[in-house]
There are 2 protein chains.
Amino acid sequence: MSDDRWVPPTVLLAVDLVIFTLRESRLHVLLIQRGIEPYQGALALPGGFLSHEREDLVTAAHRELAEEAGLGLDQLHLEQLGIYGLPDRDPRGRVVSAAYLAIAPRLPEPVAGTDASQACWTPVAQALSGDAQLAFDHEQILTDGVERAREKLERSALATAFCGPTFTIVELQDVYEAVWGVRLDPRNFYRKVQSVDGFIVPAGTSRKTEGGRPARLFRPGPRTTLHPPMTRPHGQADKETA
Amino acid sequence: MSDDRWVPPTVLLAVDLVIFTLRESRLHVLLIQRGIEPYQGALALPGGFLSHEREDLVTAAHRELAEEAGLGLDQLHLEQLGIYGLPDRDPRGRVVSAAYLAIAPRLPEPVAGTDASQACWTPVAQALSGDAQLAFDHEQILTDGVERAREKLERSALATAFCGPTFTIVELQDVYEAVWGVRLDPRNFYRKVQSVDGFIVPAGTSRKTEGGRPARLFRPGPRTTLHPPMTRPHGQADKETA
DNA sequence: GAAATAGTGTCTGTCAGACAGTATAGG
DNA sequence: CCTATACTGTCTGACAGACACTATTTC
């Protein structure tokens with residue numbers, strides 16, 4: 001600040017995505033296998049550099065979402081997660097990454113890998129088990145993403161973003177159980193989720209289930225923040241669903 | 001990604017700080033009056049560019065904290081707030097800012113302005129009233145900082161960072177009332193804050209107060225996350241303390 | 001003693017957690 | 001009928017909110 005002709009350093013800006021979805025009642029994250037160095041062949045979060053100097057960060061996140069996951073903007077939650085800028089996180093030089101958290105509804109196909117690299121949904125428990133070494137500091141970013149999702153399920157209506165346009169209460173409960181890693185009582189969950197005003201609204205019809213009474217369908221309500229919040233069982237226990 | 005010789009664009013990376021403290025039972029933020037263009041003369045959050053290409057973001061935040069506010073690392077909370085990167089937020093070009101939230105304990109002197117610009121503690125209510133136009137998108141950053149602080153008071157022991165090494169329960173209540181903008185019942189607050197295990201621990205002695213029974217002193221406890229959380233009065237009402 | 005601030009006891013409505021019981025489907 | 005799933009009613013312990021009351025200081 002004291003030199004007259006001092007010029008601040010420039011950095012490369014990347015956008016990385018933590019994209020969550022629910023598959024078979026388990027939380028999955030989209031990972032790609034890197035086709036180029038560095039970390040060629042390793043698993044990594046989808047992402048990339050800004051396409052041009054005037055591209056907005058959110059726009060870049062949406063672009064990557066479309067390019068690497070084939071996901072459009074419909075029924076998709078996207079929020080900023082944080083910035084990761086340790087000097088040595090990328091061997092190519094000073095790369096600072098803006099991480100975004102995205103929630104995708106259940107998708108029938110395993111995602112059409114449109115990009116050069118192969119994209120696949122991976123159970124989060126497996127991605128963080130240490131067996132699969134993630135590129136760069138993506139394990140840290142993924143860990144932060146999980147924690148963010150857990151917190152937001154308490155105070156926001158984010159859980160509905162995991163579901164399709166309509167869903168049953170049991171499906172919504174599946175989301176909470178998978179993300180929090182706990183078991184919830186269906187009866188109490190039913191009462192609780194209905195009592196929060198504006199969280200979910202009836203969608204009229206009902207849906208078949210395999211041998212049993214059909215469940216009523218609901219749509220996401222107008223509320224985005226939940227009062228009172230959903231309460232996560234004490235001690236944020238990470239017990240897997242048996 | 002398809003061109004062979006494509007080179008990603010570079011950006012300038014800045015670090016901006018939202019530094020909160022409590023003065024006269026009101027939440028204050030540190031603002032500086034800009035000495036140079038752009039926005040010369042306007043109020044802004046303290047901050048600046050990375051000093052060199054290999055500087056870590058947190059290190060840069062600490063450096064700015066020392067340069068512009070004269071604050072060391074002792075008894076100081078610092079956490080990442082978010083990244084602000086709209087293409088037109090800075091007329092000098094593509095500048096992306098990593099915002100950090102800092103909490104400083106009560107300071108006797110109004111901060112020694114060590115930098116070229118004048119630094120002053122400003123009530124947050126005044127800074128956001130619209131009368132004082134803040135530079136760049138700093139009003140947005142400040143708004144996000146206030147919301148973040150409010151949320152973190154619920155689930156973390158962040159409130160103690162506003163106090164000195166020892167404090168009374170009433171002083172802690174002052175923090176909650178100022179940040180949340182509500183009135184709390186002293187008796188219930190007393191019980192509640194004591195019942196949360198590891199939040200605050202007795203510091204042995206007590207402290208004089210103007211005409212009344214001396215209050216016991218406490219120190220921050222080992223707990224950083226609060227279970228159960230402090231409950232903010234319903235509807236996050238923003239009623240100012242009368 | 002009065003005044004002021006610190007800290008305690010107790011009641012009450014609300015709600016999370018537990019779980020018995022009812023409803024509606026397919027076999 | 002039985003089984004499986006969806007949904008309802010009710011009890012109970014814990015706790016937030018309200019507030020009367022006691023304790024310890026200065027004047």
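In what follows, every chain begins at residue 1, and chains take the letters A, B, ... in the order their sequences are listed.
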- Task: Answer with yes or no after comparing the ring centroid distance for F167(A) and F218(A) against a 6.0 Å cut-off, counting only values under it.
- Result: no

- Message: When you compare the side chain of S97(A) with that of R89(A), does any pair of heavy atoms fall below 4.5 Å?
- Response: yes

- Is there side-chain contact between V193(A) and M230(A), with heavy atoms separated by less than 4.5 Å? yes

- Whole angstrom value for the distance that separates P of dA18(D) from CG of L184(B): 10 Å

- Query: To the nearest Å, how far apart are I200(B) CD1 and dA6(C) C1'?
  - Reply: 14 Å

- Side chains of E79(B) and H77(B): do they bring a donor and an acceptor to under 3.5 Å? yes

- Query: Rounded to whole angstrom units, what separation is found between the CZ atom of F189(B) and the P atom of dT5(C)?
  - Reply: 18 Å

- Query: Please give, in whole Å, the distance from dT5(D) C1' to Y190(A) OH?
  - Reply: 12 Å

- Task: Please figure out whether T168(A) or K192(B) has its closest DNA chain D nucleotide nearer the 5' end.
- Result: T168(A)

So which protein nitrogen or oxygen atoms get under 3.5 Å of nucleotides 22-24 of chain D's nitrogens or oxygens?
residue : atom : partner : partner atom : Å
dA23(D) : N3   : R213(B) : NH1          : 3.3

- Message: Hydrogens and angles aside, do D144(B) and Y84(B) bring a side-chain donor and acceptor to less than 3.5 Å of each other?
- Response: yes

- Query: Can you check whether V124(A) reaches V146(A) side chain to side chain, under 4.5 Å on heavy atoms?
  - Reply: yes

- Taking 4.0 angstrom as the limit, do R155(A) and E154(B) come out as a salt bridge? yes

- Task: Please determine if a side-chain N or O atom of R216(A) lies less than 4.0 Å away from the OP1 or OP2 oxygen of dC7(D).
- Result: yes

- In whole Å, what is the span from the CD atom of E171(B) to the P atom of dT5(C)? 14 Å

Atom pairs under 3.5 Å: protein N/O with N/O of nucleotides 18-21 of chain C:
residue : atom : partner : partner atom : Å
dA18(C) : N7   : N188(A) : OD1          : 3.2
dA18(C) : N7   : N188(A) : ND2          : 2.8
dA18(C) : N6   : N188(A) : OD1          : 3.2
dA18(C) : N6   : R191(A) : NH2          : 3.3

- Task: Kindly indicate whether the side chain of D174(A), heavy atoms from C-beta on, has any atom under 4.5 Å from the side chain of L22(A).
- Result: yes

- Item | Value in whole Å for how far the C1' atom of dG17(C) lies from CD of Q173(A) | 14 Å

- Item | F136(B) and H138(B) aromatic ring geometry - parallel, tilted or perpendicular at 30°/60° bounds | tilted

- Using atom CZ of F218(B) as one end and atom P of dA6(C) as the other, report the distance to the nearest whole Å. 12 Å

- Item | Euclidean distance, atom CZ of residue F167(B) to atom C1' of dA6(C) [Å, nearest integer] | 16 Å

